[in-house]
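By convention in this document, chain letters (A, B, ...) are assigned in the order of the sequence lines, proteins followed by strands, and residues within each chain are numbered from 1. No experiment lies behind these values; they were computed from the predicted model shown.
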Amino acid sequence: MKILAFGKIAEIIGKPQLEVDDFPTTEILLGYLHQQYPALKNHKFSIAVNKKQVNGNAPIALGAEVALLPPFSGG
Amino acid sequence: MKILAFGKIAEIIGKPQLEVDDFPTTEILLGYLHQQYPALKNHKFSIAVNKKQVNGNAPIALGAEVALLPPFSGG
Amino acid sequence: MEKTRTPKNIFVEGAIAPEKIAKSIANHSSNTAIGGHSIFLGQVRADEKEGGHVRAIEYTAYEDMALQQAFEIREAVFAKYPLTCMHIYHSLGEVKTGEICLFVFTSSKHRKAAIDACEELVERIKKELPIWGKEILDNEQSEWKVNT
Amino acid sequence: MEKTRTPKNIFVEGAIAPEKIAKSIANHSSNTAIGGHSIFLGQVRADEKEGGHVRAIEYTAYEDMALQQAFEIREAVFAKYPLTCMHIYHSLGEVKTGEICLFVFTSSKHRKAAIDACEELVERIKKELPIWGKEILDNEQSEWKVNT
């Protein structure tokens with residue numbers, strides 16, 4: 001599956017897109033990301049599945065668009 | 001003394017300025033105006049003395065600028 | 001050092017042009033401490049009245065008193081909110097429907113002060129400035145505007 | 001009959017020009033049911049940071065999500081207030097200090113709806129749209145903006 005990353009989180013990961021295995025839930029995805037990019041533990045970000053922010057542990061359907069969003073700072 | 005009139009009140013009086021005797025208070029002035037222009041009784045207006053709205057009966061110093069102000073409708 | 005402010009003319013003959021508003025906005029780009037601007041514009045409506053529609057409002061004012069009053073409102077609002085700039089313009093004479101008759105513009109470091117001050121200014125201008133609007137109908141009758 | 005609204009692009013490349021704002025205002029003169037416009041403008045501040053001053057903000061966004069989110073905010077605000085018109089523009093890319101990066105514009109018959117809706121839109125845009133500002137300092141360092 002494809003993961004989009006923005007802002008500070010994209011900087012930490014080193015790129016704006018990641019290709020990873022299909023993870024069934026956001027919690028499992030988070031575990032993977034924290035293992036691969038330990039610096040993420042020190043930064044706040046939320047996860048959007050199909051362009052909607054999710055709270056807590058949420059399912060990720062096959063083919064869903066997943067994105068890592070640091071705190072918004074528009075305006 | 002000179003009395004300025006604006007808006008609807010100027011229309012009722014028929015002119016934007018009146019020359020009247022020196023009245024010592026706004027109450028006496030009002031009595032005179034109501035007598036001269038009975039139609040004023042049916043219209044709301046306030047009195048400004050030296051560019052400040054006054055409440056109730058207020059003294060009018062000699063040479064003060066007196067104005068009759070219908071409800072404001074700017075904007 | 002506090003800048004001493006003196007009464008400024010707020011009156012504009014006829015409608016306020018959008019280009020004047022653009023110029024006023026552009027003039028603030030050199031003040032890089034500003035983070036937010038709030039603008040209110042009053043526009044003349046073609047309200048339906050007995051006998052016709054409003055086609056224009058003709059504004060008159062007790063100008064001396066209005067300028068003094070506007071100055072006092074200005075000082076009070078500057079004292080209450082941390083503003084960088086404040087501008088007030090009101091039309092005199094005829095303003096046609098669809099045209100702008102009131103332009104209130106506040107700027108501050110953070111948005112909240114600009115937004116709150118602008119709203120308060122609009123309310124006070126309508127309530128406290130000796131200005132009168134006469135609605136001219138398309139049948140050339142007229143009636144005095146009533147603020148709600 | 002209700003007009004069906006579809007997502008509109010809110011993004012502008014670079015700063016928002018005062019002339020664009022003037023044109024947007026002028027476009028509303030044909031709608032003579034409008035009595036009041038409320039406008040909010042966000043301007044980039046030259047804040048002092050460790051090592052320098054902000055000289056620009058570089059905006060990026062998760063554009064698809066931002067447009068969908070903006071559409072939902074727009075619908076909710078139209079449902080809540082009796083508005084005639086609503087416009088939202090946000091910059092992408094570099095906006096220098098003193099330049100405009102956000103333009104929110106609401107219009108209604110009576111002023112209160114326009115004023116309240118504009119304020120609510122600004123708050124929701126800042127809180128809910130996936131947009132990020134990177135502050136570029138005059139020493140060419142940068143840091144991610146934090147909204148308060």
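- For C:Ile21, the part sitting under 4.5 Å from any heavy atom of chain D is the side chain, from C-beta outward, and nothing else.
- In this structure, the portions of D:Ile34 lying under 4.5 Å from any heavy atom of chain C include both its backbone and its side chain.
- Neither the backbone nor the side chain of D:Lys20 has a heavy atom closer than 4.5 Å to any heavy atom of chain C.
- Here the CD-CD1 distance, from D:Glu19 to C:Ile25, works out to 9.5 Å after rounding to the nearest 0.5 Å.
- Counting heavy atoms of neighbouring residues, nucleotides and ligands inside a 6.0 Å radius, atom CD of D:Glu140 exceeds 12 of them.
- Of the two parts of C:Thr97, the backbone and the side chain both hold a non-hydrogen atom closer than 4.5 Å to a non-hydrogen atom of chain D.
- Listed options C:Ser107, C:Ala114, C:Pro18 were ranked by heavy-atom pairs under 4.5 angstrom with chain D; first place goes to C:Pro18.
- For chain C, the nearby parts of D:Ala26 are the backbone and the side chain; heavy atoms of each come within less than 4.5 Å.
- The backbone N or O of D:His28 sits less than 3.5 Å from a side-chain atom of C:Gln43, completing a donor-acceptor pair.
- Heavy-atom distances place the side chain of C:Ile100, and not its backbone, under 4.5 Å from chain D.
- Put simply, OG on D:Ser38 and CG on C:Leu41 are 8.5 Å apart, with the number rounded to the nearest 0.5 Å.
- Looking at C:Asn27, neither its backbone nor its side chain comes within 4.5 Å of chain D, counting heavy atoms on both sides.
- Heavy-atom distances place no part of D:Lys23 under 4.5 Å from chain C, backbone and side chain included.
- For C:Lys96, no part sits under 4.5 Å from any heavy atom of chain D, backbone or side chain.
- Closest non-hydrogen pair, D:Gly98 versus C:Thr32, comes out as N-CG2, 4.0 Å.
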For this session: I would like to know whether C:His37 and D:Ile39 meet side chain to side chain contact (heavy atoms under 4.5 Å, CB included); could you show each step before the answer?
Result: CA-CA 8 Å; C:His37 305 286; D:Ile39 294 174; over 6 Å; no
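- Contact of the D:Lys109 side chain with the C:Asp47 side chain is registered, since non-hydrogen atoms from C-beta on lie closer than 4.5 Å.
- The local environment of NZ in D:Lys112 is sparse, with at most 12 non-hydrogen atoms from other residues, nucleotides or ligands closer than 6.0 Å.
- Salt-bridge check for D:Glu123 with C:Arg111: passed, with a basic side-chain N closer than 4.0 Å to an acidic carboxylate O.
- Proximity to chain C (any heavy atom under 4.5 Å) is restricted, for D:Val122, to the side chain, taken from C-beta onward.
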